Amino acid sequence: MSVLLVISGVCAVLAGLVHVYIFFLESVAWTSPRVRRVFGIASESEALATRSLAFNQGFYNLFLAVGAILGVVLVLAGNGATGWTLVVFSTASMLGAAVVLAGTGRRYLNSAFVQGSLPLIALLFAFIGSTFTTA
């Protein structure tokens, strides 16, 4: 495997770990004061009112993380076609979600950058690495 594809895989796993952390914040720790500050939730009652939505959103993040990490595991196990398909789909979905988040408003730009940077790098290196590998 080329160095470019290794970098892509590492970034995909790191992106997955970021999304596991987001899952924890949204689905497990949503009502804690620290998490309320991170997400700009003004009060405990607002956190309680949005808890089920955050819980659901957290699982979306978890599923994307599992896809990216499982994809890299499959690549390492020798099943490149299925593995890279999962990596590309999962990281492209993460990047798409970050773009949507950035379009939501200026206050979300930092979060969108955190959520989308590693998936973007993973996709770019996967594309460049696959181009040079197959050429």
Side-chain angles (χ1 to χ4, degrees):
M1 185 174 357
S2 76
V3 171
L4 298 172
L5 293 177
V6 170
I7 292 169
S8 176
V10 168
C11 288
V13 169
L14 292 173
L17 294 175
V18 167
H19 281 74
V20 168
Y21 179 64
I22 296 168
F23 157 77
F24 172 78
L25 294 176
E26 292 175 338
S27 295
V28 177
W30 183 252
T31 57
S32 75
R34 183 178 145 270
V35 173
R36 289 197 331 251
R37 278 191 305 278
V38 166
F39 285 94
I41 305 297
S43 66
E44 185 175 358
S45 63
E46 185 180 343
L48 291 171
T50 58
R51 183 186 211 167
S52 63
L53 295 172
F55 183 79
N56 188 26
Q57 185 63 37
F59 275 91
Y60 280 95
N61 285 299
L62 180 63
F63 299 146
L64 291 175
V66 168
I69 294 167
L70 179 60
V72 171
V73 168
L74 288 171
V75 167
L76 294 173
N79 193 343
T82 302
W84 283 114
T85 300
L86 269 173
V87 168
V88 169
F89 176 79
S90 297
T91 55
S93 296
M94 290 173 184
L95 180 59
V99 169
V100 170
L101 183 60
T104 303
R106 294 178 67 103
R107 81 180 247 205
Y108 299 107
L109 290 178
N110 188 47
S111 296
F113 179 78
V114 169
Q115 180 178 324
S117 296
L118 288 167
L120 175 62
I121 295 167
L123 287 167
L124 288 174
F125 277 88
F127 176 73
I128 295 168
S130 67
T131 301
F132 287 123
T133 304
T134 59

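Computed from a predicted model, the values in this text were never measured in an experiment.
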Atom [atom1] of [X] and atom [atom2] of [Y]: how far apart are they, to the nearest 0.5 Å?
{"X": "L120", "Y": "M94", "atom1": "CG", "atom2": "CE", "result": "13.0 Å"}
{"X": "S90", "Y": "I69", "atom1": "OG", "atom2": "CD1", "result": "9.5 Å"}
{"X": "L95", "Y": "L123", "atom1": "CG", "atom2": "CG", "result": "6.0 Å"}
{"X": "Q57", "Y": "F23", "atom1": "CD", "atom2": "CZ", "result": "12.0 Å"}

All ring-ring contact (aromatic ring centres under 6.0 Å, His included) counterparts of [X], not counting sequence neighbours:
{"X": "W84", "value": "none"}
{"X": "F24", "value": "none"}
{"X": "F55", "value": "F59"}
{"X": "F125", "value": "none"}

Looking only at heavy atoms, what is the nearest atom pair of [X] and [Y], with distance?
{"X": "L64", "Y": "S93", "result": "CD2-CB, 3.5 Å"}
{"X": "R107", "Y": "F39", "result": "NH2-O, 3.5 Å"}
{"X": "Q115", "Y": "A97", "result": "NE2-CB, 3.2 Å"}

Counterpart residues, side-chain hydrogen bond (donor to acceptor under 3.5 Å, both in side chains), relative to [X] (two or more places apart):
{"X": "S52", "result": "none"}
{"X": "N79", "result": "T82"}
{"X": "T31", "result": "none"}
{"X": "R37", "result": "none"}

Treating Ile, Leu, Val, Met, Phe, Trp and Tyr as nodes and any side-chain heavy-atom pair under 4.5 angstrom as an edge, say whether [X] and [Y] lie in one connected cluster.
{"X": "V35", "Y": "V114", "answer": "no"}
{"X": "V3", "Y": "L124", "answer": "no"}
{"X": "V100", "Y": "Y60", "answer": "no"}
{"X": "V72", "Y": "V6", "answer": "yes"}
{"X": "W30", "Y": "V28", "answer": "yes"}

Validation: residues 7-22 side-chain donor-acceptor distances under 3.5 Å, sequence neighbours left out:
| unit_1 | atom_1 | unit_2 | atom_2 | d |
| --- | --- | --- | --- | --- |
| S8 | OG | A122 | O | 2.7 |
| H19 | ND1 | A15 | O | 2.9 |
| Y21 | OH | R34 | NH2 | 2.6 |

Practice task
Taking side-chain contact (heavy atoms from CB on, under 4.5 Å) as the test, write out the residues that go with T104, two or more places apart.
Solution key: Y108

Exercise for the section: List, by chain and number, the other hydrophobic cluster members for L53, where Ile, Leu, Val, Met, Phe, Trp and Tyr join if side-chain heavy atoms come within less than 4.5 Å, directly or indirectly. Expected result: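 Members other than L53 - counting any ILVMFWY side chain reachable under 4.5 Å - there are none.
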
Handout entry: Remaining members of the apolar cluster that contains L86, side-chain heavy atoms under 4.5 Å
Key =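 Cluster partners of L86: L70, L74.
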
Handout entry: Heavy-atom side-chain proximity of S111 to L101 below 4.5 angstrom
Key = yes

